[in-house]
Amino acid sequence: MNIQFYNTLSNSMEPFEPLNAPKVTMYSCGPTVYDYAHIGNFRSFLFADLLRRFLEAVGYEVRHVMNITDVGHMTEDQVADGGGEDKMASAARRLKESKKQGTDHATAIENPDDPFQVAEFYMDAFLEDARTLGLKVAFEESENIFRATDHIPAMQAMITKLLERGHAYQCVDGTVYYSVESFPSYGKLSGNTLDQIRSGAGGRVEAEDQASKRHPADFLLWKPDESHLMKWDSPWGTGYPGWHIECSAMASLVLGDVIDLHTGGEDLIFPHHECEIAQSCGVTGESHFARFWLHARFLMVEGEKMSKSKGNFFTVRDVLQGKATGRDVHPAVLRYELIKSHYRANMNFTKKGLSDSAAVVRKLREFTASMQQKSGGEAAPIDQTHPIWGEFLNALSDDLNISKAMGGIMTWLASSPTDASEALAVCQKLDTILGFSLEEPTQPLEEAEAGGEAEQAESLCKQIDEARQAKDYASADAARQKLIELGYEVSTTKEGTSCKKQLV
RNA sequence: GGCGCCGUGGCCAAGUGGCUAAGGCAGCGGAUUGCAAAUCCGCCAUCGCCGGUUCGAAUCCGGCCGGCGCCUCCA
């Protein structure tokens, strides 16, 4: 299979071959855990997940690593004196407020002033969301999810090497900076040049913040600061590491000096990933840190940039609990909504898109269920040579063209496949990438609804049947209307009335 | 000002020089239904604009217009 991806490094499509096939090393920049993750974060994480699942489906052994940024970086990290507010401090402030009002399960945190507890809380929340949405790496917590605070020594070792090799310098106040002028390729990823960075940025580089640095683009490696909430001892004074160093340190620690794939949101291209390259290559002397850099475009909400002030800011929890739609959303629906458009185009998150996605998820789940029934659960053995599955993979091999891939599946569904065990096998294969839990079409829904509501629904169905038998259609319609309002989909057949929870 | 991405029907979106421009959702007409839902059948676009290359362009080139991102913490 010819796989090609758009590499930000070259701004062009490049054929993909791992350095040490069949192994693939992949690193994704993960979340900063001082708040709940929002759907935009997950658009980027799920794109990485899609990439990873695709590579596995075509036979590669993927080691996918993701970091958790739990160091309390400053809200204005770039500013030389470490200005702004500590992110952990601002999280603590928010948590205390919501704790007072009892509006949040933040009540679970004993002491919001303990930054480690705050980080722990939001990390758990992130992992929970990630598992709910089928982010594979989140199920590999111990092997592949790494916390920055657990790797301070590795970061310090890297900083020491950078100082030794002349890529870093220490100011009189002890702050350690990376010297971008010591690294000729700085700017290659983002297309910036040092001159442009110096003069550019619309004149927003403020002179006084830059005073101690040799070049305005020099970035922080270590900041001695006794007053910082999270601090560690170091040869350069007690303080905290710069934001960029954790990814360089952890990636090389577990994946080696040169990795195959590195992903993140488009906003990370500069400065974050540019700085990672400078640090890693500065230490290893290699020409590449990651051979392929893939970046996901931003997510918009109803045509606008998502922001708290516009009121269109949604966390994963918000959407699943119906804040965006007024009705609970099944995780598979949100997952599909976030992966269904090409990662390199801006995606527009809309209520309508969500219900479109629900229709697709539903269609596939019902088809799978019927094939399962017809085949008695016996799936035929198929591989990449299967026309449908092969075509699906082939579409994805072209820079993850999921629209084309799904187009093929929809056409296939419409053709009413006759070989049930073969069709079931295709569904199972698809599910390894789509992650819809196709083979448990109703289970998770009913479990979630266990208790009063499910019983109520059942009795309403019974009422409909009884009323219809008595030709009391007004009562039957009323009962059905009630079920619909409860979020159920009702169907009446010769066998009687049944209902199930709608996906959206 | 610098560096990039994008512009196909109401919405999402495939298509990268040549059959009647995939597919999904919505909509419309019909079958089915007590009425519905689901399902099935049918209908629904000349590709942002202008110019060029070519026998032939949504697809290549140039210009313009428009949207978006980064250049500052941000997926």
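Order of the sequence lines fixes the chain letters, A, B, ..., with proteins taken first and strands second; residue numbering starts at 1 for each chain. Atom set for the values below is all heavy atoms of this structure, side chains included, hydrogens, waters and symmetry mates excluded. Note that the coordinates shown come from a computational prediction; the quantities given were computed from them, not determined experimentally.
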Base B/G69 to side chain A/N346, donor-acceptor N/O within 3.5 Å cut-off: no
[N] and [M]: how far apart are their [atom1] atoms, nearest whole angstrom?
N: B/U32; M: B/G42; atom1: C1'; answer: 15 Å
N: B/C64; M: B/U72; atom1: C1'; answer: 32 Å
N: B/G29; M: B/G17; atom1: P; answer: 41 Å
N: B/C12; M: B/A22; atom1: C1'; answer: 14 Å
N: B/C19; M: B/G7; atom1: C1'; answer: 27 Å
N: B/G67; M: B/C25; atom1: C1'; answer: 23 Å
N: B/A21; M: B/U53; atom1: P; answer: 25 Å

Picking from [options], which would you name as closest to the side chain of [X]?
X: A/K404; options: B/C70, B/A14, B/A75; answer: B/A14
X: A/Y473; options: B/G34, B/A14, B/G24; answer: B/G34
X: A/S403; options: B/C5, B/A14, B/C74; answer: B/A14
X: A/R43; options: B/G69, B/C35, B/A75; answer: B/A75

For [N], which nucleotide is its Watson-Crick or G-U wobble mate, given both distances must be under 3.5 Å?
N: B/G69; answer: B/C3
N: B/C44; answer: none
N: B/A38; answer: none
N: B/G10; answer: B/C25
N: B/U53; answer: none

Whether A/H295 and A/W293 hold their rings parallel, tilted or perpendicular, with breakpoints at 30° and 60°: parallel
What contact category does [X] fall into here, base, sugar-phosphate, or nothing, at under 4.0 angstrom with non-hydrogen atoms?
X: A/R297; answer: base
X: A/H272; answer: nothing
X: A/Y6; answer: sugar-phosphate

How about A/I152 and A/M155: do any of their side-chain heavy atoms sit closer than 4.5 Å? yes
Nearest whole Å is fine: how far is B/A13 C1' from A/Y336 OH? 10 Å
Whole Å only: how far is the NZ atom of A/K352 from the C1' atom of B/C12? 7 Å
Should the pair A/R214 and A/Y177 be classed as cation-pi, given the thresholds of under 6.0 Å to the six-membered ring centre and 45° from the axis? no
Quick one: does NZ or CZ of A/K223 land under 6.0 Å from the six-membered ring centre of A/Y240, within 45 degrees of the ring axis? no
